[in-house]
Amino acid sequence: MFTNKLNQDRMPIIEALEEMKAARLVPFDVPGHKRGRADKNLTKYLGEKAMSIDVNSMKPLDNLCHPVSVIKDAEELAADAFHSKAAFFMVGGTTSSVQAMIFAVVKRGDKIIVPRNVHRSVINALILCGAIPVYINPQIESNLGIPLGMNLEDIEHTILENLDSKALFINNPTYHGICSNLKAVVELCHRHNIKVIVDEAHGTHFYFSSKMPPSAMEAGADLAAVSMHKSGGSLTQSSFLLVGKSMNEDYIRQIINLTQTTSGSYLLMASLDMARRNMALNGEKIFDEVIDMVQYARNEINQIGGYYAFGEELINGTSIYDFDTTKLCVNTLDTGLTGIEVYDILRDEYDIQVEFGDLGNILAYVSVGDRKADIERLISALQEIKRRYNKPRSTIMQYKYVMPEVKVSPQDAFYANKESMPLKMAIGRISGEFVMCYPPGIPILAPGEYITDEIVEHIEYCKQKGCNLTGSEDLEVNYINVLK
């Protein structure tokens, strides 16, 4: 299943950087720090090794916008490792990959089917290209308060009502590890000539473990965005955009070059090159260990009482078709604490930083760099938090995704003339901006959507519980911009 055709032990970008250093080039080019000589404090802080390879494109190092040598070789190795037709090095984070995918399949006025719990990068892409979202509301697991996958019946119903749709966007896995029936989704969409693009930000490891659900490329998706820096071990902001067999990779590169920097970071590209090698050679063993660590943690946490570290038992064959067992998600409500409260206590009192806390859960992201000792520390901290703070079950608003009434396209709403007004007075108006909790960055409200009582109530509840609300001009979200 995971056999590669190319020599995955190679790292073309690393090899070229080492050759450049050995040549002792005199740098009369940018960056201006000149291999770290400009500011010794910066070099001391980041290290001579890192500063020496923070260089600009040159003939021996190739060019990210138009690769013909070492970057081209590295991208071919990545495509081989991920079993895709092509793979592109992305240095603007998976946000840039997601946006490039959308630009590649829809244009102004085209319809794209999306789940309501998409990341803000998706709506941002629609603002830029002018496509129209057709939303599908994910079902909610009411006891846990988490969104589920995309139900195949809901997708089919939406397609039949919108046969002119050009593409479908899907998160797989979700932040909480929920997976849809991706193969069936792809087959359904392709029967209706609809492209399938997959936000696989949290599924890098699907390509390197036979114990994981099917990857987007295995399922036959047209494009996939993979956050190598999340579970693959590369540097923050480094990502891959994977191309399926139906797509023209030369056109995809043109799309990428519309927005990607012309000064690609060799630190980021080198980290992608090295992390790809590590995953291709050692990924199966690494993720076997990760799966074992998470299962151990899940068992121990569930014995504490008050917490529920959920897993494969949630699978129902429809809205939870499969589950990513590397995700250590813990429901906290039976301790009397919300997820965001446990998140804050872990960080402020135990020096443990988990990925996020929402109204009912925390997510401890366990991956390639974690150790058993760290897992034990987390378990001990949760035990002590339960002992110190336990109280009657926390009451949480039963949240469901309100099917937004898209009155104006995200693009038209964002660029429209707007006025600011108090949030509670904005009910019945059309939003001109975002409101979202970050992380994970899923909009509660997006530009062009009708503001309802339920939406305002949910925003106020999130503020009360200490969630980090972002997206609006008013940083405290007391006011919101609405269309005039």
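Starting from 1, each residue takes its place in the sequence as its number.
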S.K.: Side chains of D54 and H33: do they bring a donor and an acceptor to under 3.5 Å?
M.R.: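 There is such a pair between these side chains.
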S.K.: Rounded to the nearest 0.5 Å, how far apart are CG of L148 and CD1 of I146?
M.R.: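 Interatomic distance, L148 CG to I146 CD1, rounded to 0.5 Å: 6.0 Å.
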S.K.: Using ring-ring contact (aromatic ring centres under 6.0 Å, His included) as the criterion, list what pairs up with F88, not counting sequence neighbours.
M.R.: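 Listed in chain order: nothing, the list is empty.
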S.K.: Determine yes or no for a side-chain-to-main-chain donor-acceptor pair under 3.5 angstrom, with Q411 supplying the side chain and A131 the backbone.
M.R.: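 No; zero donor-acceptor contacts below 3.5 Å.
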S.K.: Counting distance only, does the side-chain N/O of K34 pair as donor-acceptor with the main-chain N or O of D29 below 3.5 Å?
M.R.: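 Yes, the answer is positive, given that a donor and an acceptor are paired below the 3.5 Å cut-off.
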S.K.: Who pairs with S420 by side-chain contact (heavy atoms from CB on, under 4.5 Å), at least two apart in sequence or on another chain?
M.R.: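 S420 satisfies side-chain contact (heavy atoms from CB on, under 4.5 Å) with Y479, N481 only.
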S.K.: Applying salt bridge (Lys or Arg N to Asp or Glu O under 4.0 Å), run through K49 and E18 and close with a yes or a no.
M.R.: CA-CA 10 Å; K49 185 88 171 179; E18 290 300 316; 3.4 Å; yes
S.K.: Can you check whether M228 reaches M90 side chain to side chain, under 4.5 Å on heavy atoms?
M.R.: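 The answer is no, as the side chains (C-beta and beyond) never meet within the 4.5 Å cut-off.
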S.K.: Is the shortest heavy-atom distance from the side chain of C462 to the side chain of I444 under 4.5 Å?
M.R.: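 C462 vs I444: side chains touch.
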S.K.: Ignoring hydrogens and angles, tell me if any N or O in the side chain of D80 forms a donor-acceptor pair with the backbone of K5 under 3.5 Å.
M.R.: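 Pair found, side chain donor or acceptor close to backbone of K5.
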S.K.: For the pair S234 (side chain) and L272 (backbone), establish whether a donor and an acceptor sit closer than 3.5 Å, ignoring hydrogens and angles.
M.R.: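 Side chain of S234 to backbone of L272, a donor-acceptor pair under 3.5 Å: no, none is there.
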S.K.: side-chain contact (heavy atoms from CB on, under 4.5 Å) for F356 and I362? Distances and angles first, verdict last.
M.R.: CA-CA 6 Å; F356 79 84; I362 59 169; over 6 Å; no
S.K.: Please examine the side chains of P27 and R37, heavy atoms only from C-beta on, and report whether any two atoms are closer than 4.5 Å.
M.R.: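 Side chain of R37 against side chain of P27, heavy atoms only: contact under 4.5 Å found.
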S.K.: Indicate whether the side chain of H190 and that of D222 have a donor and an acceptor atom separated by less than 3.5 Å.
M.R.: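 There is such a pair (donor and acceptor under 3.5 Å, judged by atom type) between the side chains of H190 and D222.
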S.K.: Kindly give the heavy-atom pair with the smallest separation between S238 and S271, and that separation in Å.
M.R.: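 Closest heavy-atom pair between S238 and S271: OG-OG, 3.7 Å.
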S.K.: Does a sphere of radius 6.0 Å around CZ in F414 hold more than 12 heavy atoms from other residues, nucleotides or ligands, not counting ones at 6.0 Å or beyond?
M.R.: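 No - once you tally the heavy atoms of other residues, nucleotides and ligands closer than 6.0 Å, there are 12 at most.
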S.K.: Just wondering, are more than 12 heavy atoms of other shown residues or ligands nearer than 6.0 Å to NE2 in H192?
M.R.: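 Enclosed.
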S.K.: Look at the aromatic rings of Y365 and H202 and report parallel, tilted or perpendicular, splitting at 30° and 60°.
M.R.: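 Rings of Y365 and H202: tilted, 30 to 60°.
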S.K.: Of all the heavy-atom pairs spanning F89 and A78, show the shortest one and how long it is.
M.R.: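 For F89 and A78, the tightest heavy-atom pair comes out as CE1-CB, 4.3 Å.
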S.K.: What heavy-atom pair brings D370 and M293 nearest, and what distance separates the two atoms?
M.R.: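 Nearest heavy atoms, D370 then M293: O-CE, 3.7 Å.
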S.K.: Take V134 and V406, measure what side-chain contact (heavy atoms from CB on, under 4.5 Å) needs, and give me the verdict at the end.
M.R.: CA-CA 9 Å; V134 176; V406 181; over 6 Å; no
S.K.: Starting at OG1 of T326, measure out to NZ of K211 and round the result to the nearest 0.5 Å.
M.R.: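 Atom-to-atom, T326:OG1 and K211:NZ are 12.5 Å apart.
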S.K.: Show your working on side-chain contact (heavy atoms from CB on, under 4.5 Å) between T259 and L128 and close with a plain yes or no.
M.R.: CA-CA 11 Å; T259 55; L128 292 172; 5.7 Å; no
S.K.: First locate atom CG of L423, then atom CD of E476, and finally report the distance between them rounded to the nearest 0.5 Å.
M.R.: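 Interatomic distance, L423 CG to E476 CD, rounded to 0.5 Å: 12.5 Å.
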S.K.: Of all residues at least two apart in sequence or in a different chain, which pass the ring-ring contact (aromatic ring centres under 6.0 Å, His included) check with F287?
M.R.: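 Only H205 meet the ring-ring contact (aromatic ring centres under 6.0 Å, His included) criterion with F287.
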S.K.: Show which side-chain atoms of residues 56-63 pair as donor or acceptor with protein atoms under 3.5 Å away, not counting sequence neighbours.
M.R.:
residue: D62; atom: OD1; partner: V68; partner atom: N; Å: 2.9
residue: D62; atom: OD2; partner: V68; partner atom: N; Å: 3.1
residue: D62; atom: OD2; partner: S69; partner atom: N; Å: 2.7
residue: D62; atom: OD2; partner: S69; partner atom: OG; Å: 3.4
residue: D62; atom: OD2; partner: V70; partner atom: N; Å: 3.3
residue: D62; atom: OD2; partner: I71; partner atom: N; Å: 3.0
residue: D62; atom: OD2; partner: K72; partner atom: N; Å: 3.4
residue: N63; atom: OD1; partner: C65; partner atom: N; Å: 2.8

S.K.: Please report the shortest heavy-atom distance between K111 and V106, naming the atom on each side.
M.R.: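 Where K111 meets V106 most closely, the heavy atoms are O-CG1, 4.1 Å.
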S.K.: Quick check on side-chain contact (heavy atoms from CB on, under 4.5 Å): which of N171, L223, N172 does D199 satisfy it with?
M.R.: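 Of the listed options, the one satisfying the test is N171.
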S.K.: If you round to the nearest 0.5 Å, how far is CZ of F208 from OG of S215?
M.R.: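 Rounded to the nearest 0.5 Å, the OG-CZ separation comes to 9.5 Å.
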S.K.: Can I get a per-line list of side-chain donor-acceptor pairs under 3.5 Å for residues 96-105, giving both atom names and the distance, sequence neighbours left out?
M.R.:
residue: S96; atom: OG; partner: G93; partner atom: O; Å: 2.7
residue: S97; atom: OG; partner: S239; partner atom: OG; Å: 3.2
residue: Q99; atom: NE2; partner: S121; partner atom: O; Å: 3.3

S.K.: Please find the pair of heavy atoms, one from I451 and one from A426, that lie closest to each other, and give the distance.
M.R.: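 Closest approach of I451 to A426, heavy atoms only: CB-O, 3.6 Å.
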S.K.: Taking everything shown except K21 itself, do over 12 heavy atoms lie less than 6.0 Å from its NZ?
M.R.: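 Result for NZ/K21: enclosed.
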S.K.: What do you reckon, are the aromatic ring centroids of F206 and F82 less than 6.0 Å apart?
M.R.: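 That pair fails the under 6.0 Å test.
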S.K.: Is there a donor-acceptor pair closer than 3.5 Å between any side-chain N or O of K85 and the backbone N or O of M247?
M.R.: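 The answer is yes, because a donor-acceptor pair under 3.5 Å joins these two groups.
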S.K.: Any side-chain heavy-atom pair from R35 and V55 closer than 4.5 angstrom?
M.R.: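 Result yes, sub-4.5 Å side-chain heavy-atom pair found.
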S.K.: Measuring from atom NZ of K484 to atom CZ of R429, what distance do you get when rounded to the nearest 0.5 angstrom?
M.R.: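 Separation between the atoms: 10.0 Å.
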S.K.: Between K166 and I112, is there a side-chain heavy-atom distance shorter than 4.5 Å?
M.R.: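 Contact flag for I112/K166 side chains = no.
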S.K.: Inspect the surroundings of CD in E473 and state if more than 12 heavy atoms from other residues, nucleotides or ligands are less than 6.0 Å away.
M.R.: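 No, the 6.0 Å shell around CD holds no more than 12 heavy atoms from other groups.
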S.K.: Are more than 12 heavy atoms, taken from residues, nucleotides or ligands other than Q353, located less than 6.0 Å from that residue's CD atom?
M.R.: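 Correct, the count exceeds 12.
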S.K.: Taking salt bridge (Lys or Arg N to Asp or Glu O under 4.0 Å) as the definition, give me every residue that meets it alongside E289, ordered by chain and number, with sequence neighbours left out.
M.R.: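 Only K285 meet the salt bridge (Lys or Arg N to Asp or Glu O under 4.0 Å) criterion with E289.
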S.K.: Is there side-chain contact between R10 and D273, with heavy atoms separated by less than 4.5 Å?
M.R.: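 The answer is no, as the side chains (C-beta and beyond) never meet within the 4.5 Å cut-off.
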S.K.: For atom CZ of F434, decide whether the heavy atoms of other residues, nucleotides or ligands shown that lie under 6.0 angstrom number more than 12.
M.R.: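 Counting neighbours around CZ of F434, more than 12 heavy atoms of other residues, nucleotides or ligands fall under 6.0 Å, so yes.
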S.K.: Using the side-chain contact (heavy atoms from CB on, under 4.5 Å) rule, take N278 and V368 through it: C-alpha gap first, then chi angles, then the decisive distance, then the call.
M.R.: CA-CA 10 Å; N278 188 35; V368 57; 4.3 Å; yes
S.K.: Compare all side-chain heavy atoms of I455 with those of H458 and state whether any distance is below 4.5 angstrom.
M.R.: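 A side-chain contact is absent here, since even the closest heavy-atom pair is not under 4.5 Å.
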S.K.: Is it true that a side-chain atom of R120 and a backbone atom of A446 form a donor plus acceptor pair closer than 3.5 Å?
M.R.: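 No, R120 side chain to A446 backbone: no donor-acceptor pair under 3.5 Å.
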S.K.: Locate the shortest heavy-atom distance separating S84 from L242; write the atom from each residue and the value.
M.R.: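 Scanning both residues, the minimum pair turns out to be OG-CD2, 3.9 Å.
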S.K.: Quick check on E48: does its CD atom have over 12 non-hydrogen neighbours (other residues, nucleotides or ligands) under 6.0 Å away?
M.R.: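 No.
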S.K.: Indicate yes or no: at least one non-hydrogen side-chain atom of D288 is less than 4.5 angstrom from one of E284.
M.R.: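 Heavy-atom side-chain distance check passes, below 4.5 Å.
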S.K.: Does the E200 side chain pair with the main chain of A216, one donor and one acceptor, at a distance under 3.5 Å?
M.R.: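 Here the side-chain-to-backbone pair exists.
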S.K.: Taking atom NZ of K407 as the centre, report whether more than 12 heavy atoms of other residues, nucleotides or ligands fall under 6.0 Å from it.
M.R.: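 Counting neighbours around NZ of K407, 12 or fewer heavy atoms of other residues, nucleotides or ligands fall under 6.0 Å, so no.
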S.K.: Between atom CG of L281 and atom CG of N7, what is the distance when rounded to the nearest 0.5 Å?
M.R.: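 Here the rounded value is 8.0 Å.
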S.K.: When you measure from the side chain of D412 to the backbone of S409, do you find a donor-acceptor pair of N or O atoms at a distance under 3.5 Å?
M.R.: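 No, the answer is negative, given that no donor and acceptor are paired below the 3.5 Å cut-off.
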